[in-house]
Structure formats: structure tokens, C-alpha cells
Amino acid sequence: MPELPEVEAAARFLHSQISGRTLLAVTWLHRSLLRNAAADVDTLIGHRVARVVRVAKWQEIVFDDESVLVVHFRMTGDWAVTHRPDPPGHARAHFVFSGARHVWLVDPRVLSRITVRRSGDVDPTSHRIGPDALDPALDAPALRAQFASRRAPIKQVLLDQSVIAGIGNIYAAEALWHARINPWAPAQRLTLARVRRLLDGIRWTLALALDEAGRHRYGTATGRLAVYDREGQSCRRCGAPVARTTQGQRSTYWCRRCQRS
DNA sequence: TATGGCCTGTGG
DNA sequence: CCACAGGCCATA
């Protein structure tokens, strides 16, 4: 579930399910998730949820005393909500809220992470989060400024959450395809016109995915992807076969014909 | 700037 | 059996 659109949809969904409700109990179904946070999470019991918000790819469940349960889905996390205490498959944590809301953190790979931030604590990760990809204040000159010191390939720079927050491996490829930009192009060498196109591509891609995620609430809009996971299939724009390479240990998909340097 | 690790599951 | 998977962090 894990890029900006899916996390945003998950946060909205969870908000609709638990805002105004009280946390009654927490059970851990897998050791690896909590690290040292279990005791901290217990301190949230008895508090009422004020809101659930997305910050980059994190979700913050904010309680009435402004303490925060911080959740990151990483690769395969998701929420499931039931009205009975029967765990769905791969359930790793169980949160019981008033009104018989059973919230399950479902994560086959168990890479999700949960921490607690007490009111007044400084978010230790906040300084490493760049502008949100959907922040209206992020315009092309601002994004270009973020790229200025980055000579790495643009595909890898898009995955750096301190440069721009919310984009992951799928939508980086999709956005570059929309913008007709070669994934290997050094980020700092992109002209303003290209950065503008890229920002358009990012927003188009994320908006489409958010719309999709809001209605399906799980999985990616894989049927509508232009290049990701389509190696050898024809480019939806020019018909040339989609290529695949590796950048920074991650797969990159792109069209050799319409995404030249 | 790269590499391995975290975990488990799926598909070739 | 192996390669690979929507993310991030620690380490060298």
C-alpha cells in the first residue's frame, strides 16, 4: 500500500473509522513490529482519537492529548477494520477502539514500523522530509532548487524523501514517463521547463492513483500504469517496448523512445 | 554513494 | 531453487 496516494487513502479511511473513538486495548501479533515501543503504545490506551493524518508516507493517529501513534507501512502494510475480533490474514497488531472497531495492521512482510510521539516531543524525522509532492506551494522553481545539488539520476532523486516526499518506485517511473524524461538524467541538469513537466507528471500520476486508491482501498492501480512492471509490453504513447533496468538496487521501467535524454 | 538488512510471500 | 517485491535505515 505504500506510496503517497495509498497512504493518504489509508489515513482518510482510518480517520473515518476511529476519529472520536477511544483506544481500549492493543495486542501485538508479531514481535518485530514494535521494537521498543510497546510500553509507549500502552500509554495511549484510554485516550480519544482527534484525527488521523498523513505526513509524507507516515500516518499519524493524533489523540486528544496530542500524543501521536506514528505508523509507517513500508512495503506491504495496510489497515483492516472489522466489527469482530477475528484477525484477518497477516494481521500483526490489533487495536480495539470504542464502538467495536477492531483495527488490524496487516502486513505480510512485517516491515511496518510503529512508534509513539508524546505531546511536546520533536518529531525526530521531520527534518529529513522534503516538501510534500502534493503541496500546492511546491512549484517548479522550488522543485528545481531541491534538485540543484543532486547529480544523481532523477529517478533515484525522486525516491529521496528529503528532496520531495511521497513518491515511491512505481510512481517515480510513471511520473517520468508522463514527463518524457529519461530516468538517468542527472537531477541538477534538468531545465526549468523539464522540471515543470515533471511536476505536472507527478501530480497527474498521484492524483489519478489517489482517486483509484480512495475507491478500492488496497492494491495499486496496476491496470492503468503506463510503464511500471510492463517490461517488453508496448508503450501506451508510442508503441515501443518498455525497457527495464536497475538504479540504486531498484527496478526502473521506461520507454527508450519517448524518454530519451 | 553503495551495500546489506529487515521479513515474508509470490512467481518463474 | 532463485529473483524479486510499493521503503527505509545502519554501516562502511
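Side-chain atoms are counted along with the backbone in the values below, which use heavy atoms only and exclude waters and symmetry mates. Quick note on labels: first sequence line is chain A, next is B, and so on, each numbered from 1. All of these numbers come straight from a predicted model, not from anything done at the bench.
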Original post:
Counting side-chain heavy atoms from C-beta on, which of C:dC9, B:dC7, B:dA2 comes nearest to A:Gln156?
Top reply: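 Of C:dC9, B:dC7, B:dA2, B:dA2 is nearest to the side chain of A:Gln156.
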Subject >> Side chain of A:Glu3 (C-beta onward), nearest among B:dC6, C:dG6, C:dA5 >> reply: C:dG6
Could [X] and [Y] be called an ion pair, given the rule that one side-chain N must be under 4.0 Å from one carboxylate O?
X: A:Asp200; Y: A:Arg196; answer: no
X: A:Arg203; Y: A:Glu174; answer: no
X: A:Lys57; Y: A:Glu6; answer: no
X: A:Arg244; Y: A:Asp229; answer: no

Atom pairs under 3.5 Å, N or O on each side, protein against nucleotides 8-12 of chain B: can you list them with distances?
residue : atom : partner  : partner atom : Å
B:dT8   : OP1  : A:His30  : NE2          : 3.1
B:dT8   : O4'  : A:Pro108 : O            : 3.4
B:dG9   : OP1  : A:His90  : NE2          : 3.4

Original post:
For atom P, what is the distance between C:dG6 and B:dG11, given to the nearest Å?
Top reply: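 About 15 Å, rounded to a whole number of Å.
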Subject >> Same-atom distance (P) from C:dA3 to B:dT3, integer angstrom >> reply: 16 Å
Original post:
Does the pair A:Arg118 and A:Asp40 meet the rule for a salt bridge (charged side-chain N to carboxylate O under 4.0 Å, His left out), with working shown?
Top reply: CA-CA 9 Å; A:Arg118 306 297 303 173; A:Asp40 292 335; over 6 Å; no
Check whether any side-chain nitrogen or oxygen of [X] sits under 4.0 Å from OP1 or OP2 of [N], and answer yes or no.
X: A:Gln249; N: B:dA2; answer: no
X: A:Arg113; N: C:dC9; answer: no
X: A:Thr76; N: B:dC7; answer: no

With side chains defined as the heavy atoms from C-beta onward, is the minimum distance between [X] and [Y] less than 4.5 Å?
X: A:Leu4; Y: A:Asp132; result: yes
X: A:Asn182; Y: A:Trp254; result: yes
X: A:Thr245; Y: A:Trp184; result: yes

**OP:** With pairs defined as Watson-Crick or G-U wobble and both distances under 3.5 angstrom, please note down DNA chain B as a dot-bracket string, | for pairing with another strand.
**Re:** ||||||.|||||
